Amino acid sequence: MALSLPSEWACAEADDMPRSSITHGAAKSSVIIATRSDVRSGKMVNSDSVQKMMDSAVENLFRQKARRVWGTLFSSNDTVGLKVNCLAGKLFSTHQEMVWSVVERLREAGVEKSQIIVWDRRNLDLERAGYKLQTRSNDVRCYGNDHAGFTRRIFEYGSVGSQLSNILYQQCNKVINFPVLKDHGIAGMTGALKNYFGAINNPNKYHLDCGDPYIADINRLYPIRKKSVLNFCDALTAQYEGGPPFMPQWSWHMNSILAATDPVAMDQIIWDIIEEKREENGFESLEAAGRKPTYIATAADQNHQCGTNDHEKINVVKV
Amino acid sequence: MSISRRIFLKKAGCAGCALACAGTISKAAAAMKNSGHLFEARYYDKLDNRKIRCNLCPRECVIDDLERGYCGVRENQGGTYYSLVYGKACSAHIDPVEKKPLFHFLPGTNAFSISTVGCNVMCKFCQNWEISQSTPEQIQSYDLPPENVAAIARQKNCSSIAYTYGEPVVFTEYMYDSAQAGHGYGVKSVMISNGYIQEKPMRDLCKVLDAVKIDLKAYTERFYKELVSGELRPVLDTLALLREENMWNEIVYLVIPNQNDDPRELRDMCKWIVKELGEDVPIHFSRFHPQYRLKNVPPTPVQTLKKAHQIALDSGLHYAYIGNVPGDPAESTYCPACGKVVIRRIGYSITENNLNSGKCSACGNPIAGVWQS
């Protein structure tokens, strides 16, 4: 199936496209927190339960039946990238049960297997997290940026100048973002916005000053803004201290999945959850720890307009 | 010599070391490319919870498990810090030492020049950004261990090994071991660097290096912050340290229109050099060409370079040069005593050499430099 690839010139021309025209939320951004106590059977994650949580999250986000939502958002013309987060290995990466539940819904919406790419920074990260690499085109593909390479062009906004993953830029026309809810030793926390560091060639350059404004600037790059359709945050296991690597002593089974179209609203809520958990466990706030995630507010400002961090404009729905 | 540095790098990088060195890297070595082995880094502290603090450059990155430092080529794995580029050259070539540029170091000799990917700053005007701003996964590299670097340099009659193109600070372990191996073959070593390095690793390097060229990118913290993502002060400290260690040092200053070409700034810098480093430190004012993320700035007018050159001489520096302007008279070395040409150059070629045992053949005045291997 032919995919209409955007030309680099076309991307440059469309750089000012406002986020509101490419997302699907209403004036108020919704963040759905779907939780199920039966999501675990011992050490295993119950995939049926995950599927129900995902469907419930989508239905509450769009106020429509899940299958209808998927059919509206995606079609057989799409190539969809599923950007997972596999830095922390098998015990603390995006659960495959979430990914496969989305793959199933995409297939029902008419997206061919070969038009779905599960992707992260490196093949090694994916393998460590238990994902099976798949580069052939007759199945759901799964590989890292090191397999696909990066654009020659440098994409710039504000403080950043980066080459983009060819997976994001050339191979997909839509992306579903799968961050993991966790603390981050430099940026304060990592959620939907920071997960796109895995789509650029030089994230190591952008960890100064708690990632502010770099994380916001990366999310302002046109291909990321245009292609990002949905965010599902894996909070089956979450972590409030010691991230990004897995630190079991500071993690907890939240048994939740967060869903949003607005990555800023999602990150604001993730921040709230982490702060609450830190306080509960006697840890100082992220601000006191010198790593307040100020990049969230920056992503919401007039220069970025990636979403809203205003609690009054965020509708949190717990299901 | 008409080939540009950029084109050369592209060719060297794409063709790989094997081509550039005309078969001197064995097939076996080439087959080992990207074999993925790790080398434990030097200069770091282990912290709690599998974190580490890198003490190589002034950034002092604190790095979580499975993360990398700012340079992108040093990674924390389970609380141990590794260099991902030790023995992994992405570029290798034989260059005239004048191309580094080092004008007062074994003139007319060749330097076996190597680089890995990675850099600890991010200059918006970087000429070699394709390797300096990349990660090891992006660029094909070849296994070229230190012993092979030294052996190839010797075999190809290179008087020195140059660590260049990218930023050698980030592959300091590889550089140190190659320089040490080189001395075993009677080959010297020169570091072509931004000077953004901590004291301890630099002092260690001084034990095995024979010359250092530092890119002093500006004389204001503003420039370093906005265009380099670094700081000026540590670079000045490195220059002072090199002086203290009696290391032969030359300075390159890339003159960028309206960014670092203010005559007052240039005068202040030259005065600092005279006062802190001495009047015999050569300074090369290089012409800027639009590159990387600074494509909206025009090339430096030659007149601006001439002004900078004159400011250096007026400030008391004995050896000032203009670079990237082939054929300019300021490419040549003049005796500070009698004013006669000591070494005449066109581009990287020496067309006349009036140096006699390190002295001006016209008046006998000693000319500062390293003239004999």
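Since the model is a prediction, treat every value here as computed from it, not as a measurement.
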Proximal to chain B - members of residues 85-92 of chain A, heavy-atom separation under 4.5 Å: Leu87(A), Ala88(A)
Please list, in residue-number order, every residue in residues 214-232 of chain B that has a heavy atom less than 4.5 Å from any heavy atom of chain A; write 'none' if there are none. none
Quick check for you: to the nearest 0.5 Å, what is the distance between [X] atom [atom1] and [Y] atom [atom2]?
X	Y	atom1	atom2	answer
Tyr70(B)	Lys205(A)	OH	NZ	5.0 Å
Asn49(B)	Trp250(A)	CG	CH2	3.5 Å
Met247(A)	Asp64(B)	CE	CG	7.0 Å

Is Cys61(B) in contact with chain A via its backbone, its side chain, both, or neither, using a 4.5 Å heavy-atom distance? neither
Given a strict heavy-atom distance threshold of 4.5 Å, which part of Gln133(B) is in contact with chain A: side chain, backbone, both, or neither? both
Under a 4.5 Å heavy-atom cutoff, which of Asn145(A), Leu208(A), Asp125(A), Ile186(A) has the most pairs with chain B? Leu208(A)
Quick check on Ser159(A) against chain B: is it the side chain, the backbone, both or neither that has a heavy atom closer than 4.5 Å? backbone
Heavy atoms, side chains only, cut-off 4.5 Å: are Thr135(B) and Asn202(A) in contact? no
Smallest heavy-atom separation, Arg50(B) atom then Pro245(A) atom, equals NH2-CB, 3.8 Å
Side-chain ion pair, Arg121(A) and Glu137(B), N-O less than 4.0 Å: no
